[in-house]
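These numbers were taken from a predicted model, which means no experiment stands behind them.
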Amino acid sequence: MLNNESYQWWQTGIIYQVYPRSFQDSNADGIGDLKGITTRLDYLQWLGVTAIWISPIYPSPMADFGYDISDYTGIHPLFGSMEDFEQLLQEAHRRGIRIVLDLVPNHTSDQHPWFLESRSSLNNPKRDWYIWKDPCEDGSAPNNWLSVFGGSAWEWDENTKQYYYHAFLKEQPDLNWRNPEVQEAMYNVMRFWLDKGVDGFRVDVMWHMVKDNQFRNNPVNPGYEEHQATYEKLLPVYSTDQPEVHGIVRDMRAVLDSYSDRMMIGEIYLPIHKLITYYGPQNNGAHLPFNFMLLTLPWEPLKIAAAIAKYEGALPQGAWPNWVLGNHDQPRITSRVGIQQARIAAMLLLTLRGTPTIYYGDEIGMRDVPIPPEEVQDPQGLNMPGKNLSRDPQRTPMQWDNSENAGFSPAKPWLRLSAAYKRINVEREKNNTDSHLCLYKRLIALRQREPAFMTGDYKPVHADHQAIAYIREAPGAAKFLVVLNLSHRPCYLHIEHQQIKGTVVLSTSHELEGSAINESINLSGDEGIIVSLNL
């Protein structure tokens with residue numbers, strides 16, 4: 001095991017996702033902005049965050065809240081100016097906090113100048129920058145591919161009498177990444193921001209970027225259930241995860257490697273055996289292909305323990321693991337497993353081997369907020385009504401204090417706040433040592449000071465229908481046992497693994513801290529402990 005100085009910042013750090021519309025409003029328009037993020041950097045530094053991933057802030061018609069980009073090298077006026085961004089970057093770096101931007105290379109807005117040119121005529125030089133196909137003989141779409149946001153993924157263009165492909169909204173046409181001009185244009189976008197000093201990119205829907213060259217029909221999903229999104233009716237074997245995508249990812253990595261100390265995260269919802277291919281054959285792909293297992297698995301200890309082992313066992317030599325509990329597309333962890341188990345989830349996230357990513361608000365225990373149907377704004381919810389698929393509930397404003405609108409904005413927020421914000425907020429939890437926030441802060445501090453947690457090995461020692469336990473250790477450093485009860489009932493463990501003796505240094509229940517532990521461990525429901533083992 002190397003010493004910590006041999007690791008990169010993205011391996012030893014804590015990534016925190018900021019959804020800019022919802023973090024902090026500085027100009028009283030009800031929408032968060034860049035100056036707002038800058039005013040909250042001291043909080044993030046206090047918490048122990050070392051990198052911020054910021055969801056899209058570029059000019060956009062906002063059909064999909066910024067993931068439909070009309071200018072890759074600008075700032076949307078809603079969020080401020082380029083000067084505001086440069087100040088945020090400077091202030092973050094001054095505090096030792098890195099900035100990771102969301103890069104959306106799979107598709108643009110239909111208002112992007114590239115697409116306006118592309119659709120203007122069949123022989124426009126940018127026609128081949130997007131995916132255009134003739135209709136079938138009967139006039140129907142070229143194949144059966146579906147949009148993630150509902151309906152066909154093909155949109156008819158009356159002017160040029162062809163269909164264009166959009167994996168998401170019709171306002172989000174997919175770029176043709178088989179075109180070298182498209183590749184170079186996007187690499188230049190990366191260089192623009194890297195020249196400004198950003199520390200890396202989170203690449204949106206990386207596995208979508210290249211499509212089957214024959215445009216074959218996707219097969220029917222035999223396991224589809226009616227409550228699922230209509231996209232799930234088919235298995236996207238030809239519209240996603242094509243072999244050629246890995247060459248693109250390697251080229252993106254080469255752009256990053258031409259600068260010092262930069263990194264790339266890939267958004268990839270794929271099974272582990274496919275996910276790990278995005279590291280690249282010589283670890284020359286994405287530095288961190290996002291691992292979403294904790295987002296998608298049932299909250300059952302045997303399944304989670306098996307998934308951790310499968311992931312650890314599948315990682316290529318030299319590849320660095322990572323873990324994610326929440327993001328802007330998925331229900332919050334507190335709404336999935338409950339507030340008490342969310343504390344266990346925090347302990348799991350921050351003690352597993354690899355880089356953890358925290359979604360804003362999860363550290364105070366924010367829950368999904370019910371958004372009445374007439375207030376739904378998310379296109380995924382609007383396009384598939386009745387399926388409860390809107391992502392608005394997990395995107396509500398950050399709850400800073402008990403003042404009006406939770407200190408987020410003096411104006412009416414763009415999405416309604418939780419009714420519970422007066423007791424679930426940063427200011428209140430900062431002063432309560434038993435709070436969700438203080439548990440996160442203590443876990444982060446422990447992780448950041450102990451080599452065993454930051455860069456040490458992971459060794460599973462126990463899993464049953466209630467609990468999991470594992471050891472984290474690094475040569476010449478303190479060694480720890482983590483025991484997590486993922487059930488609401490008491491659990492009783494007898495761990496026959498070396499000499500399990502030590503002292504509880506951190507627990508979801510303060511009362512256990514300082515107590516001695518041996519091979520027999522009894523925990524209350526929803527309880528987790530971290531034990532410093534006697535060496």
Side-chain angles (χ1 to χ4, degrees), residues 9-10 13-60 62 65-66 71-103 192-202 261-263 327-328 357-364 366 395-401 403-411 413-415 417 425-427 429-430 437 440-441 444:
W9 63 267
W10 49 268
I14 308 276
I15 300 171
Y16 184 98
Q17 182 188 357
V18 167
Y19 194 69
R21 294 181 73 90
S22 295
F23 200 60
Q24 180 66 58
D25 173 19
S26 73
N27 62 353
D29 64 356
I31 296 172
D33 47 48
L34 291 169
K35 281 185 175 177
I37 298 171
T38 303
T39 66
R40 295 298 185 178
L41 288 173
D42 286 344
Y43 163 73
L44 295 174
Q45 186 179 26
W46 170 85
L47 183 60
V49 167
T50 59
I52 309 170
W53 151 34
I54 304 174
S55 294
I57 50 176
Y58 316 100
S60 163
M62 293 289 171
F65 293 105
D71 176 5
Y72 282 101
T73 56
I75 301 291
H76 196 300
L78 264 180
F79 300 124
S81 64
M82 188 61 77
E83 290 73 26
D84 295 335
F85 175 77
E86 289 165 350
Q87 184 185 14
L88 168 60
L89 190 64
Q90 180 183 343
E91 289 297 319
H93 284 170
R94 193 166 64 80
R95 291 166 175 80
I97 296 174
R98 309 276 184 156
I99 296 290
V100 176
L101 283 189
D102 221 316
L103 183 70
F192 173 88
W193 292 106
L194 292 166
D195 287 344
K196 283 202 173 288
V198 303
D199 299 285
F201 300 101
R202 174 266 190 188
D261 219 16
R262 314 300 172 91
M263 63 87 74
N327 64 33
H328 61 292
T357 296
I358 299 168
Y359 184 47
Y360 86 95
D362 279 358
E363 76 274 20
I364 60 171
M366 280 176 62
R395 298 176 173 184
T396 57
M398 181 68 173
Q399 296 159 205
W400 293 106
D401 56 41
S403 67
E404 187 179 6
N405 299 327
F408 164 71
S409 173
W414 76 285
L415 280 176
L417 285 144
N425 63 66
V426 169
E427 282 309 310
E429 293 191 26
K430 256 187 171 183
L437 178 58
Y440 261 89
K441 181 171 168 55
I444 289 170

Test item: [X] and [Y] side chains (from C-beta on) under 4.5 Å apart, heavy atoms:
X	Y	value
Glu363	Lys441	no
Leu194	Phe201	yes
Ile15	Tyr359	no
Asp33	Arg21	no
Tyr19	Ile54	no
Tyr43	Val49	no

Quick one: do Phe408 and Trp414 satisfy ring pair (Phe, Tyr, Trp, His ring centres under 6.0 Å)? Show the steps, please.
-> CA-CA 11 Å; Phe408 164 71; Trp414 76 285; 8.6 Å; no
Do side-chain atoms of Asn405 reach the backbone of Ala411 as a donor and acceptor pair under 3.5 angstrom?
-> yes
Say whether, by atom type as modelled, one donor and one acceptor occur between the side chain of Ser81 and the main chain of Asp84 under 3.5 angstrom.
-> yes
Hey, could you give me the [atom1]/[atom2] distance between [X] and [Y], rounded to the nearest 0.5 Å?
X	Y	atom1	atom2	answer
Leu89	Thr38	CG	OG1	9.5 Å
Asn425	Leu437	CG	CG	9.5 Å
Arg40	Gln24	CZ	CD	4.0 Å
Ile14	Leu47	CD1	CG	8.5 Å

Would you please test Glu427 and Trp400 for side-chain hydrogen bond (donor to acceptor under 3.5 Å, both in side chains) and show each step?
-> CA-CA 6 Å; Glu427 282 309 310; Trp400 293 106; over 6 Å; no
Looking only at side chains, do Thr73 and Asp71 share a donor and an acceptor under 3.5 Å apart?
-> yes
Begin from the C-alpha positions of Leu103 and Arg202 and carry the test side-chain contact (heavy atoms from CB on, under 4.5 Å) through to its verdict.
-> CA-CA 6 Å; Leu103 183 70; Arg202 174 266 190 188; over 6 Å; no
Hey, are Arg98 and Asp261 close enough for a salt bridge, meaning a charged N less than 4.0 Å from a carboxylate O?
-> yes
Considering only NZ, NE, NH1 and NH2 on the basic side and carboxylate oxygens on the acidic side, decide whether Arg262 and Asp199 come within less than 4.0 Å.
-> no
Would Trp193 and Phe85 count as a close aromatic pair, with their ring centres under 6.0 Å?
-> yes
Does the ring center of Tyr360 lie less than 6.0 Å from the ring center of Trp53?
-> no
What heavy-atom pair brings [X] and [Y] nearest, and what distance separates the two atoms?
X	Y	value
Pro56	Gly66	CB-O, 3.2 Å
Phe23	Met398	O-CB, 3.6 Å
Ile97	Gln45	CD1-N, 4.0 Å
Val100	Trp9	CG2-CH2, 4.1 Å
Leu34	Leu88	CD2-CD2, 3.7 Å
Phe79	Ile31	CE2-CG2, 4.4 Å

What residues, two or more places apart in sequence or in another chain, satisfy salt bridge (charged side-chain N to carboxylate O under 4.0 Å, His left out) together with Asp401?
-> none
So Gln17 and Ser55, side-chain hydrogen bond (donor to acceptor under 3.5 Å, both in side chains) or not? Walk me through it.
-> CA-CA 7 Å; Gln17 182 188 357; Ser55 294; 3.1 Å; yes
Using the side-chain contact (heavy atoms from CB on, under 4.5 Å) rule, take Tyr16 and Thr357 through it: C-alpha gap first, then chi angles, then the decisive distance, then the call.
-> CA-CA 6 Å; Tyr16 184 98; Thr357 296; over 6 Å; no
List the steps and the verdict of side-chain contact (heavy atoms from CB on, under 4.5 Å) for Ile57 and His76.
-> CA-CA 6 Å; Ile57 50 176; His76 196 300; over 6 Å; no
Report the C-alpha distance between Gln399 and Leu417 in whole Å, list the side-chain angles of each, state the deciding distance to 0.1 Å, and finish with yes or no for side-chain contact (heavy atoms from CB on, under 4.5 Å).
-> CA-CA 8 Å; Gln399 296 159 205; Leu417 285 144; 4.1 Å; yes
Heavy-atom neighbours of Lys35 NZ exceed 12 at 6.0 Å | no
In Gln87, Arg95, His93, the residue satisfying side chain to side chain donor-acceptor pair (under 3.5 Å) with Glu91 is Arg95
